[in-house]
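First comes the structure, then the notes that go with it.
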Amino acid sequence: MIQKGMIMSADVFRKSIALLASAGLLLSLGACSTSTPSASDAPSSASSSETKRNQSVADDGSSDEKPSPSASANADADADLKVPEGSALDVLEQLPVKGRAPKTGYSRDQFGPAWSDVDHNGCDTRNDILNRDMSDKTYKANTHDCVVATGVLKDPYTGKRIDFTRGQDTSTAVQIDHVVALSNAWQTGAQQLSEATRTQFANDPYNLLAVYGPANQQKSDGDAATWLPANKSFRCEYVARQIGVKKKYELWVTQGEHDAMKNVLSSCPTQQVPTDGGVITPIEAQSPEPTATPEPAQTATPAPAPAQTQEQTYEPATESDANVYYKNCAAVRAAGKAPLHRGDPGYAPKLDRDGDGIACE
């Protein structure tokens, strides 16, 4: 009996040991499963981490759906426009030489509203350039020194001194010229630019100069092959700026334009591309003769002061001109009447978007 009892006690002991071992194994497996995520749990964990990153962007005030870095770079490509540096001859040789593209589809509207306030300084582009290029300025009251009332321009295109007075019949004595004309730009690559970049082009101070009005009208949309400033001392700088503008906006030149530019620069091979706005070369301006009041000027000299010349050449419309009407500037150009001046048959304020007295410039 004693021996049998001892055998039973041994069996109970072995079973107890087996139960304890099983319990220990289960505890060990449970600990492993809580500390190491399964393969199926990994994506959800990563997704949660990504959600937190996106949420931090949204909390920052920006869009939840941000474009990829490459998309952002492409979106900013048009804004990354830099003025080139170096000699004008070197930069000229970097410009593609192609034929002029058709003018189909061109209108002033393709370059945005005339004289937009693109720099958001509260002053339109025309007055920004007048303010930059003229001296001895006064301003219209209550415009925070924005609207130029009077001033003196040393005209780079003619070398003349222009006494500017803002007014219906006098403002046109000083006009703002696109050094590379808008239609020329349209036919040499600007068709491929975005609308925002074309608006920037039309209002870029780098491409704008305040000049004598009649000289600007004579130039019209000519390139270097068809028009150069009468002031020969300014031609090198003028052509160099055209080259800089075309390089900045990735435009091309025609063969005739290229050859004309190269011919001008042959007399000034060290001419650098201007790296900022305004006139670099000092202009020795010729004062109008005589220097007295405008009334003697009309009788003492065959060349009246600029503002007077403009006023004398504008003839008001007659009764028979009352029915002249142009729907838009395209119709004016088709009729060969561009630009129209205030008082010309068919002139209308809606065609004169910058209100300077000249429509369809």
Any donor-acceptor N/O pair, [X] side chain to [Y] backbone, under 3.5 Å:
X	Y	value
T188	N184	yes
T158	K160	yes
N231	P156	yes
K137	N131	yes
N216	Q175	no
D117	D124	no
T170	G167	yes
Q110	G105	yes
S87	T270	no
R241	Y206	yes

Verify whether one side chain among [X] and [Y] offers a donor that lies under 3.5 Å from an acceptor in the other.
X	Y	value
T165	T150	no
D109	S107	no
T125	D128	no
Q255	D259	yes

salt_bridge([X], [Y]) N-O dist < 4.0 Å:
X	Y	result
K103	D221	yes
K248	D204	yes
K246	E257	yes

Using the rule that Ile, Leu, Val, Met, Phe, Trp and Tyr join whenever any side-chain heavy atoms are under 4.5 Å apart, tell me whether [X] and [Y] fall into a single cluster.
X	Y	value
V180	V83	yes
V245	I280	no
W252	V97	no
V253	W227	yes

Quick one, [X] and [Y] - any side-chain contact, counting heavy atoms below 4.5 Å?
X	Y	answer
R126	S171	yes
L228	V239	yes
K247	L95	yes
F234	L209	yes
R100	D223	yes
V211	I162	no
L92	K262	yes
K219	D177	yes

Q) Centres of the Y157 and Y212 rings: under 6.0 Å? A)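 No, the ring centres sit 6.0 Å or more apart.
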Q) Do the two ring centres, one from W115 and one from H178, sit under 6.0 Å apart? A)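 Between W115 and H178, the centre distance is under 6.0 Å.
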Minimum-distance pair of heavy atoms, taken over all atoms of [X] and [Y]:
X	Y	value
C146	G122	SG-O, 4.1 Å
Q271	C236	OE1-CB, 3.6 Å
L208	A202	CD2-O, 3.9 Å
D119	C123	OD1-O, 4.3 Å

Pairwise distance [atom1]([X]) to [atom2]([Y]) - rounded to 0.5 angstrom:
X	Y	atom1	atom2	answer
C268	R235	SG	CZ	11.5 Å
Q200	N207	CD	CG	11.0 Å
Y139	H144	OH	NE2	14.0 Å
L251	Q192	CG	CD	9.5 Å
L182	R198	CG	CZ	11.0 Å
M134	D163	CE	CG	10.0 Å

Q.
If you apply the rule side-chain contact (heavy atoms from CB on, under 4.5 Å), what do you find for V174 with R166, and how did you get there?
A. CA-CA 9 Å; V174 175; R166 178 182 173 84; over 6 Å; no
Q: Could you tell me whether E93 atom CD has more than 12 heavy atoms of other residues or ligands within 6.0 Å of it?
A: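 Count over threshold, so yes.
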(Q) Can you confirm whether more than 12 heavy atoms, excluding those of Q94, are under 6.0 Å from its CD atom? (A)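 Buried by this count: over 12 neighbours within 6.0 Å.
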Q.
Is there a side-chain contact (heavy atoms from CB on, under 4.5 Å) between V179 and Y238? Walk through the geometry before answering.
A. CA-CA 8 Å; V179 179; Y238 172 77; 4.0 Å; yes
Q: Using ring-ring contact (aromatic ring centres under 6.0 Å, His included) as the criterion, list what pairs up with F164, not counting sequence neighbours.
A: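 Per chain and number, F164 pairs via ring-ring contact (aromatic ring centres under 6.0 Å, His included) with no residue.
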Q: Report the C-alpha separation of C329 and R108 in whole Å, then their side-chain angles, then the decisive distance to 0.1 Å, and conclude whether the side-chain contact (heavy atoms from CB on, under 4.5 Å) test is met.
A: CA-CA 8 Å; C329 283; R108 177 62 179 81; over 6 Å; no
Q) Yes or no on side-chain contact (heavy atoms from CB on, under 4.5 Å) for T143 and K140, after CA distance, side-chain angles and deciding distance? A) CA-CA 6 Å; T143 63; K140 185 177 179 180; 3.9 Å; yes
**Q.** Parallel, tilted or perpendicular: ring planes of F111 versus F201, cut at 30 and 60 degrees
**A.**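 Plane angle between 30° and 60°, so tilted.
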